[in-house]
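What follows is a single structure, written as C-alpha cells, with notes after it.
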Amino acid sequence: MVDGTQHLLVRSHVARDLLQNAALFKTDKLVVWEYVSNGLEYVDPVVNPVVRVELDSRSKRITVQDNGRGMDWAGLENFFLMHGENVDRKLGRPGRGRFGTGKSAAFGIADVLRVTSVRNGRCSKVELRRKDIEAHNGEGPIPVNVLERDKPVSEPNGTVVEIESIHLQALDQPAIIRYIERQIARWPRNVTVIVNGQVCSVQEPAACREYIFKPTGSLLQRLGDVQLVVKVSKTPLDEEQRGIAVYSKGVLHETTLGGNENREMSQYIFGLLDVPALDDDRSPIPAFDLSRSMRLNPNNELVQSIHAFIGQKVDEVRRELVEEEKKRRRSEEARTLARRADEIARVINQDFQEFLERVARIRSLGHGVPERTGQQARSGSDQRDLVIGGDLPAQVIASTGGLGASGEGGNRGGTPRSINPEVAPGDANSEVRGRPAGGRGNRFGVSTGGFRVEFQRMGPEERRAHCLTDSRVIYVNLDHPQIVAAREGNNINDPGFLRLVTEVAFTEYAIALAHELASRGEFIDFTDPAVHIRETLNRVARRGAALYS
Ligand SMILES: Nc1ncnc2c1ncn2[C@@H]1O[C@H](COP(=O)(O)OP(=O)(O)O)[C@@H](O)[C@H]1O
Ligand SMILES: [Mg+2]
C-alpha cells in the first residue's frame with residue numbers, strides 16, 4: 001500500500017551542484033569573460049559600461065571591476081541563487097545571461113570569490129571560499145561570508161569581483177584579450193573593457209575578399225532570411241580568429257568552420273552569421289549549453305541546419321582558395337622560394353629538436369625546469385574545451401549534458417541539454433576520447449612537431465612575419481617594405497634578399513619558441529624571455545651561417 005502522504009522529492013546537493021557547474025569553467029578566459037559580461041550587461045540605463053580587468057599571474061589573482069548598476073542586499077541574494085532566473089530576461093530584455101553561473105565560474109580555476117558591490121549609496125562585501133563549499137554536508141544552503149552589509153558610502157554604483165588562489169600556472173593575457181575582443185565585436189552598445197591597462201579594441205583581420213550567401217529551400221525555411229558573410233583574410237589567422245561567428249540577436253554563441261576545421265586553407269577563413277531564430281528556439285533538445293564552451297548543441301535541429309549551411313559555403317570558398325594556392329605554388333618563383341624555405345626550416349628544426357632533448361635531459365636530472373603534470377602544466381587558455389568523440393584523452397565530468405536552465409531562456413529547465421556525456425581534458429591514459437569543442441581539430445596542435453617556413457604575399461601593411469602557434473608555421477611577408485627594398489630588381493636570387501628573409505624567419509622562430517614557453521608558464525623571471533630569445537638567435541645564426549654565404 002502506498003501512503004498518500006508519502007512524497008518523493010527531487011533534491012539537490014548545493015555544494016556538488018556548485019562545483020560541478022564550476023568545473024565547466026576550465027580556462028581563465030571563460031572565467032574572466034563570465035564576470036566581464038556581467039559588468040557589461042547589468043548597467044544603469046544611461047551608463048556606457050566600462051569594465052577593468054587586472055590579471056596577476058604572480059599573486060594568482062584576477063579582479064574585474066565594473067561601473068554597472070551594482071547589487072544591493074537583495075541583488076546579492078539573487079546573485080548567489082543557483083540557477084536563478086535572469087531578472088532582465090524575465091522583464092523581456094534578452095541578453096547574454098541565461099544560466100546564472102556567476103557564483104560558480106570562479107571555482108573552475110580558483111578557491112576564493114569575493115564580491116563587493118555598491119548600489120544607491122550602500123556597499124556590501126561578501127566572500128565564498130572553496131573550503132566552505134567542500135565542508136558543506138549537502139543539507140540546506142551554503143553560507144556566504146558577509147564582510148560588510150549595506151554600509152553607507154559615497155561611491156557610484158558598481159561591482160568588484162575578486163578571484164584569488166588561482167590554480168593555473170599562468171594567466172594568458174593575450175588570449176584573454178583576444179577572447180574578449182571577439183565577444184564584444186558586435187555588442188549592441190558602446191562598451192569599454194581594459195585588461196591590465198590595455199584597451200580591448202575590436203579589430204577584424206583585413207579581408208582580401210568577401211562573400212555573402214543566403215540560404216535556399218529547406219535551409220531558408222529553418223534558418224529564416226539570414227545572411228552568411230564569409231571573408232578571406234590576407235594573412236593566415238590564429239586559431240581564435242578563424243571561423244564563422246554565429247550570433248543570435250547580436251549575442252555570440254559559437255565560432256565554427258562547420259566541419260572544415262584543419263582542412264587546407266581554412267586558416268584564412270572568417271566571417272559571421274546571425275540567426276535570430278536561435279534565441280527563440282524552444283526545441284526539447286535545446287540549442288544552448290550552459291558550459292559556455294562557445295559551442296552550440298549539435299543535437300539541436302536548428303544548430304544542425306546552421307552547421308550544414310556554414311559547412312557547405314565555407315567549403316566552397318575553401319576549395320576556391322586551394323585551387324589558387326596550387327596555381328601559385330606551381331610558378332618558378334614559388335618553387336625557388338619553397339626550396340629556400342625548406343633550407344631555413346631545416347636549421348630551425350635541428351635547433352628545435354636539440355632544444356627539446358636538452359629540456360628532457362634537464363627534467364630527467366630533476367633540477368632546473370620543474371616537472372609539471374596534468375592540467376597544471378598548461379596555462380588556462382591552453383586547456384581546450386572538449387566534446388566527446390575524437391582522439392584527445394578526456395575524462396567524463398557528467399554522464400549527460402548540463403542541467404536544464406530555468407526561466408525563459410534555454411529550455412525552461414525541462415530536458416537534459418545534450419544526450420552526450422560532457423568531457424574535460426584527461427591524461428594520456430584516459431579511456432574516453434574527446435575532440436576540441438566548436439570542431440577545432442588538433443592536426444596542427446602536435447607539440448613535438450617541427451616548424452615550417454612559408455613565404456607569402458600578405459600586403460605591405462601586414463606584419464613582417466607571423467608564426468601560427470597551433471601549426472608552427474612561420475609566414476614571412478614578401479610584401480613588407482623592408483623585404484621589398486631588399487629585393488633588388490625583383491630578383492629572388494638576390495643575396496641581400498635571401499639573407500634578410502633567413503634572418504626574419506630565425507627571429508620569428510626565436511620569438512615563437514619563447515612565446516610557447518611563456519604560455520606554459522615556464523619563465524620564472526620577467527627577463528627570462530629576452531635572455532631566451534637572444535640565446536636562440538645566437539644558436540640558429542651559428543647553425544645557419546652557411547645560408548648567409
Ligand atoms: N556585475 C554585476 N552588476 C550588477 N548585477 C549583477 C552583476 N553580476 C550579476 N548580477 C546580477 O546577478 C544575477 C546573476 O548573475 P549570473 O550568476 O552571472 O547569472 P546570469 O548573468 O546568467 O543571469 C544577474 O542576473 C544580475 O541580476
Ligand atoms: Mg552572467
Side-chain angles (χ1 to χ4, degrees), residues 14 17-22 24-25 29-45 47-53 62-108 113-126 128 141-142 144 155-163 180 183-184 187 189 191-193 251-253 279 286 288-294 402-413 417:
V14 187
D17 198 359
L18 190 93
L19 292 175
Q20 273 172 12
N21 260 290
L24 299 166
F25 289 83
K29 61 182 184 199
L30 286 179
V31 174
V32 170
W33 175 245
E34 173 69 21
Y35 298 103
V36 169
S37 65
N38 279 348
L40 297 177
E41 181 107 36
Y42 305 119
V43 288
D44 290 319
V47 173
N48 279 332
V50 179
V51 176
R52 283 169 204 281
V53 180
I62 297 173
T63 58
V64 180
Q65 180 182 10
D66 68 53
N67 64 343
R69 69 186 181 213
M71 286 174 276
D72 52 17
W73 193 252
L76 281 170
E77 277 180 333
N78 180 52
F79 178 76
F80 282 101
L81 181 69
M82 278 309 282
H83 315 294
E85 190 165 0
N86 181 291
V87 282
D88 298 67
R89 204 169 260 280
K90 212 155 99 183
L91 294 171
R93 293 195 294 264
R96 285 144 179 88
R98 237 170 218 284
F99 302 113
T101 31
K103 71 239 81 197
S104 58
F107 297 100
L113 169 67
R114 195 175 307 114
V115 181
T116 311
S117 203
V118 174
R119 180 162 170 80
N120 300 336
R122 309 233 158 223
C123 174
S124 298
K125 187 174 195 164
V126 296
L128 189 57
I142 304 171
V144 175
E155 288 151 44
N157 290 351
T159 303
V160 181
V161 172
E162 295 166 276
I163 301 161
I180 294 174
Q183 298 289 328
I184 60 175
W187 200 279
R189 59 198 292 185
V191 298
T192 309
V193 183
V251 178
L252 178 62
H253 292 294
D279 193 60
F288 304 103
D289 163 337
L290 91 166
S291 73
R292 311 271 163 121
S293 60
M294 282 316 291
L403 300 167
S406 64
E408 292 304 301
N411 60 347
R412 296 183 217 92
R417 172 158 291 99

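Order of appearance sets the numbers: ligands from 1, and atoms from 1 within every ligand. Residues: numbered from 1 along the sequence shown.
Across all non-hydrogen atoms, the minimal contact from F107 to L19 is CB-CD2, 4.4 Å. Nearest heavy-atom pair across F80 and V126 is CE1-CG2, 3.5 Å. The two residues G102 and E34 have their closest heavy-atom pair at N-OE2, 3.2 Å. For the residue pair V43 and G68, the shortest heavy atom distance occurs at CG1-CA, 3.7 Å. What you find for K103 and Y35 is that their closest heavy atoms are C-OH, 4.4 Å.
Residues satisfying the side chain to side chain donor-acceptor pair (under 3.5 Å) criterion with N157, sequence neighbours excluded, are D44.
Which of V161, N78, L81, V160 comes nearest to atom 13 (C) of ligand 1 through a heavy atom is settled by distance: it is N78.
Proximity to D66 (heavy-atom distance under 4.0 Å) selects the following atoms of ligand 1: 1 (N), 2 (C). Residue contact check: R69 has heavy atoms under 4.0 Å from atoms 26 (C), 27 (O) of ligand 1. Those atoms of ligand 1 that come under 4.0 Å of a heavy atom in K103, given as number and element, are 17 (O).
Look at E34 and you'll find a heavy atom under 4.0 Å from some atom of ligand 1. Remark: distances from the non-hydrogen atoms of G70 to ligand 1 include one below 4.0 Å. Heavy atoms of G68 stay at 4.0 angstrom or farther from ligand 1.
Judged by distance alone, the side chain of R69 and the main-chain N or O of R119 form no donor-acceptor pair under 3.5 Å.
At under 3.5 Å, not a single nitrogen or oxygen of F79, backbone or side chain, sits near a nitrogen or oxygen of ligand 1.
Residue T101 does not count as close to the Mg ion (ligand 2), with no N, O or S atom under 2.8 Å.
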